[in-house]
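The figures here come from the full heavy-atom set of this structure, side chains too, leaving out hydrogens, waters and symmetry mates. Residue numbers start at 1 and run along the sequence shown. What you are looking at is a predicted structure, and each value in this text was computed from that prediction instead of being measured.
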Amino acid sequence: MASPNGGDDFESSLLSFEKLDRASPDLWPEQLPGVAEFAASCKNPITNSPPKWMAELESEDIEMLKELGSLTTANLMEKVKGLQNLAYQLGLEESREMTRGKFLNILEKPKK
């Protein structure tokens, strides 16, 4: 669509056909330090040794991770809500037990 005041000429004068070398660190500095090293480490072939964080996991823990990883988003949210409800119930039970201990003077420090 040509404009009456020569807008097409103006737009074409703004185009640049310059090719920039993206390999230059001066032109394209690393925006997040450490990302290049991390990306390079991900390209390395996978070794048979498990990651450090998995060394302390037991077979039950690994099975739970697999189970949670296979859940859909909705099922995972349902699981999280169940854990939140369980934590709330445990908090109520702990509160009752602390109150009971207070009334029975179990928590009172012995006098010297």
Side-chain angles (χ1 to χ4, degrees):
M1 178 174 158
S3 62
N5 58 4
D8 286 338
D9 294 333
F10 177 70
E11 285 180 16
S12 63
S13 70
L14 295 177
L15 291 177
S16 172
F17 298 102
E18 181 180 5
K19 302 290 183 200
L20 297 177
D21 180 17
R22 289 189 173 268
S24 170
D26 295 330
L27 289 176
W28 307 99
E30 187 176 17
Q31 298 206 355
L32 297 173
V35 171
E37 290 85 12
F38 177 75
S41 71
C42 290
K43 291 180 183 177
N44 292 339
I46 298 173
T47 60
N48 290 337
S49 62
K52 292 178 185 176
W53 60 269
M54 279 190 75
E56 297 177 12
L57 295 180
E58 297 176 3
S59 60
E60 293 174 3
D61 299 328
I62 295 172
E63 288 301 317
M64 169 128 350
L65 284 174
K66 288 179 182 177
E67 176 189 336
L68 292 174
S70 67
L71 294 176
T72 64
T73 305
N75 291 344
L76 189 59
M77 291 302 295
E78 188 176 319
K79 186 83 166 175
V80 168
K81 286 179 185 177
L83 290 172
Q84 288 174 332
N85 289 337
L86 180 61
Y88 179 75
Q89 293 299 324
L90 286 173
L92 290 177
E93 185 177 335
E94 181 182 18
S95 175
R96 282 193 299 268
E97 292 298 323
M98 291 298 286
T99 303
R100 183 175 171 218
K102 182 180 175 185
F103 288 135
L104 294 174
N105 291 325
I106 294 174
L107 303 175
E108 191 173 298
K109 293 183 180 179
K111 295 181 181 178
K112 294 182 180 178

Taking everything shown except E58 itself, do over 12 heavy atoms lie less than 6.0 Å from its CD?
-> no

Roughly how far, to the nearest 0.5 Å, is the CG atom of L14 from the CG atom of D9?
-> 11.0 Å

Could you tell me whether E97 and R100 have a side-chain N and a carboxylate O separated by less than 4.0 Å?
-> yes

side-chain contact (heavy atoms from CB on, under 4.5 Å) against L65, all qualifying residues, sequence neighbours excluded | W53, L57

Shared hydrophobic cluster for V80 and L71 (ILVMFWY, side-chain gaps under 4.5 Å) | no

How long is the span from the CD atom in E78 to the CG atom in N75, to the nearest 0.5 Å?
-> 6.0 Å

Without swapping roles, check the side chain of T99 against the backbone of S95 for a donor-acceptor pair under 3.5 Å.
-> yes

